[in-house]
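Just so it is clear: chains get the letters A, B, ... in the order the sequence lines come, proteins before strands, and each one is counted from 1. Since we're looking at a predicted model, the values are computed, not measured.
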Number of protein chains: 2
Amino acid sequence: MARRSHPSSRGRTISDVAELAGVSLSTVSRVMNGSTTVDAALAERVREAALSLNYTASPLARSLVLGKTQTVAVVVPDLANPVFQGMLRGLSSAAARQNYHVLVADSFENLEEERVLAVEARRRCDGIVLCAPRMPDEELTALLPELAPVVLINRDPSPAKASTVSADYHSGMQQLLEHLYGLGHRRIAYLPGSAAAQSNRKRLSAISEFADGHPDVMVTELQGGVGFEDGHAAADAVAASDDTAVLAFNDLVAMGLLSALSERGVRVPEDVSITGFDDIPFARYTTPPLTTASVPIEELGRQAWERLWALLNGQAPAYNLSFGPLVITRGSSGPAPAAA
Amino acid sequence: MARRSHPSSRGRTISDVAELAGVSLSTVSRVMNGSTTVDAALAERVREAALSLNYTASPLARSLVLGKTQTVAVVVPDLANPVFQGMLRGLSSAAARQNYHVLVADSFENLEEERVLAVEARRRCDGIVLCAPRMPDEELTALLPELAPVVLINRDPSPAKASTVSADYHSGMQQLLEHLYGLGHRRIAYLPGSAAAQSNRKRLSAISEFADGHPDVMVTELQGGVGFEDGHAAADAVAASDDTAVLAFNDLVAMGLLSALSERGVRVPEDVSITGFDDIPFARYTTPPLTTASVPIEELGRQAWERLWALLNGQAPAYNLSFGPLVITRGSSGPAPAAA
DNA sequence: ACCGTGAGAGAAAGCGCTTTCTGATGGCAG
DNA sequence: CTGCCATCAGAAAGCGCTTTCTCTCACGGT
């Protein structure tokens, strides 16, 4: 009873339409897919029948036979992070324009989970975007063939030759350092992200490079993190140090620090300058507004889609893309205080 | 050549496994699905074969025959909004625990898009969550049967009898008003959201109700909005008015206002008190930290999943759920200034 | 020795489509 | 009038599975 008796339009199959229109399944299929080899009158009758039954082909069945799902997966390490949200947004809006759907999976920074999630998600769709994957190089490389077509965001393709889109954290950090240096800062603290993350290593290499070229600068690494709380927790260490500027791993950390500093009566930027990284939408609305290295994160998402789209169409992987961040100078950075 | 010659594990079908193990498809299927009516030795052989081919059943084919996709869709009006992100996060993590996948669609506040998106997404999965749908009541009601099983977030089921989960904006606003009243504020401004949104109407009704009960209070409606910029833009009007407190539609608006006020040298809360709504993660890190009505948004997402899960298992729709927000008093609200 | 029984494996149907293959029809050249 | 080709519709195969149905075989009871 279930199927036939259901009054709704759901569960309608192509045979229902064929029957109503008095033609064969093949003909209905041909009409629905715009084949030209169907008599105009017949086609019209089929269309009417389909309309009256509110019929649309089952995407599932189509996917099975066509071998494509019109869906791509995105795996992010943390959906709560504005950076990944922005990426997801750019990606999903771009994909939607091509009538593709997006399956999203949050690995919660869990390495184990990440691999399983990726493989499982990938099987349900045509391609996958891995956003800042946490897994080690060898593991990733081994996984890549199984995931293809795949696009990597914010991750060096290193040994693997995967299509990647990323922000140039090295350049961003370098610019930030130059910005602070230009303001007279010589003692600078860095609040690092998670050691394993590639984006952290890039920042560190920029720092050591800069330090090498500027013997008069001293960069100290404090206890850092990736979220508000971590920045908040770093306030005491920052206040205790004689650093005149702090490079936070990202805007979130910077905001946490800003907030904690303000509680302690430490003035920004008079007493200490703070910089973030990413330029999340909130950055310009902190007090004072945050100086940060701006990463066009939605654009990264869009580009990731473009690449995946190319891959899906059998095109060779395009050159890897890297966005050089732009330092946005706002109120949180200023001249180094005269007396250290 | 394509299939056979591919060295990877992809494209392996159940017949490959059957062949390798020297059994029939049926047997492989039974083993993979844990049927007990298979001889232990055979089962072992099948498992080995599957392992050696790195075989897992095609989710697509399974979905087609099983009639379920292990996937649910979520439609949100704006992926950039922290509120919907939080919801999505709670929902996706809960769904993941049940091994369900999440298809996400952003309607970009576009009414037209919303319906199409919902219908299309729904066809690819087993159920759908509509988050604060913008569409008018009649349209929604008409759509509901086609979408079922469906859960609504932050939307009155009104005429339709759909399972819903929501925050009690009326109560939240009421508490906020009482909070400000208790601090001595008598002239209060409200920065409304979009007029069509149910959550805005709820706030308004709380306001007019409160005003009725407190003739000594005067609540003025200014030009509002839903994002930073809107709050930022409202600063002049706020500064020009003689209101001593501002109820922003949400935390985003409050933050924009906070930032603009600070630029103008208006002190918060000494000159004017500001309250937000939602308690997004950023709210506690503004300067000053934002007093707001806290909505357990991730929990809303989780609950939405629970409901959908129940529906998927054929259980009757549970009672509708409403979370009463909690006013979190932080630094942005204080006693009304003595001189108006 | 015979039949009923039940366990366990394979054959086959079917999920809802697309597409190739096959067949019928009609027009037109020879 | 015959034969050939083009045109278009239907039959059927097949996408990769699950599950029902069917069959075989060994076992035990009488």
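A salt bridge links A:R47 to A:E44: one of the charged nitrogens lies within less than 4.0 Å of a carboxylate oxygen.
The B:D39 side chain lies nearest to C:dA9 when the options are D:dG10, C:dA9, D:dT18. Looking at the side chain of B:A61, the nearest of the listed nucleotides D:dG16, C:dC17, D:dT18 is D:dG16.
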### Query
Can A:R122 and A:E146 be said to form a salt bridge (charged side-chain N to carboxylate O under 4.0 Å, His left out), step by step?
CA-CA 9 Å; A:R122 174 59 186 83; A:E146 187 168 352; over 6 Å; no
### Message
What verdict does the side chain to side chain donor-acceptor pair (under 3.5 Å) test give for A:D106 and B:S92, after you've listed the backbone C-alpha separation in whole Å, the side-chain angles of each residue and the deciding distance to 0.1 Å?
### Response
CA-CA 7 Å; A:D106 187 343; B:S92 96; 5.0 Å; no
### Task
Might you work through the side chain to side chain donor-acceptor pair (under 3.5 Å) test for B:N33 and B:R62, ending with a clear yes or no?
CA-CA 11 Å; B:N33 292 299; B:R62 290 196 91 229; 2.8 Å; yes
#### Entry: Candidate pair A:R89 and A:E298, rule salt bridge (charged side-chain N to carboxylate O under 4.0 Å, His left out), full reasoning
CA-CA 6 Å; A:R89 187 154 199 260; A:E298 286 203 21; 3.3 Å; yes
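By the 4.5 Å heavy-atom criterion applied to side chains, A:N154 and A:M87 are not counted as neighbours.
Residue A:T27 places none of its side-chain N or O atoms closer than 4.0 Å to OP1 or OP2 of D:dA9. The side chain of B:S29 contributes an N or O atom lying less than 4.0 Å from OP1 or OP2 of D:dT18.
Among the atoms of the strands shown, only primed sugar atoms or phosphate atoms (P, OP1, OP2) are found under 4.0 Å from some heavy atom of B:T37. Looking at heavy-atom distances under 4.0 Å, B:L64 makes contact with a base. Within 4.0 Å (heavy atoms only), A:L60 reaches no atom of the nucleic acid at all.
Terminal axes of the helix from C:dA1-D:dT30 to C:dG30-D:dC1 (five pairs each, C1' rotation axis) are separated by 70°, to the nearest 10°.
Taking atom CG of residue A:D126 and atom P of nucleotide D:dC15, one finds them 18 Å apart after rounding to whole Å. Summarising the geometry, the separation between NZ on B:K68 and P on D:dC17 is reported as 17 Å, rounded to the nearest angstrom. C:dG16 atom C1' lies 14 Å from atom CZ of B:R124, rounded to whole Å. Between the P atom of C:dG16 and the CG atom of A:L66 lies a distance of 17 Å, rounded to the nearest Å. Nucleotide D:dG16 holds its C1' atom 15 Å from the CD atom of B:E19, rounded to whole Å. In this entry the distance linking CZ of B:R12 with C1' of D:dC17 reads 17 Å, nearest Å. Rounded to an integer number of Å, the gap from A:I14 CD1 to D:dA9 C1' is 14 Å.
Contact record, A:L53 with A:R12: O-CG, 3.7 Å, taken as the closest heavy-atom pair. Across B:A94 and B:R302, no two heavy atoms sit closer than the pair CB-CG, 3.9 Å.
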Check the interface with nucleotides 11-13 of chain C: list each N/O to N/O pair with the protein under 3.5 Å, or write none.
unit_1	atom_1	unit_2	atom_2	d
C:dA11	N7	B:S26	OG	3.2
C:dA11	N6	B:S26	OG	2.9

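Note that the CZ atom of B:R124 and the CG atom of A:L60 stand 8.5 Å from one another [nearest 0.5 Å].
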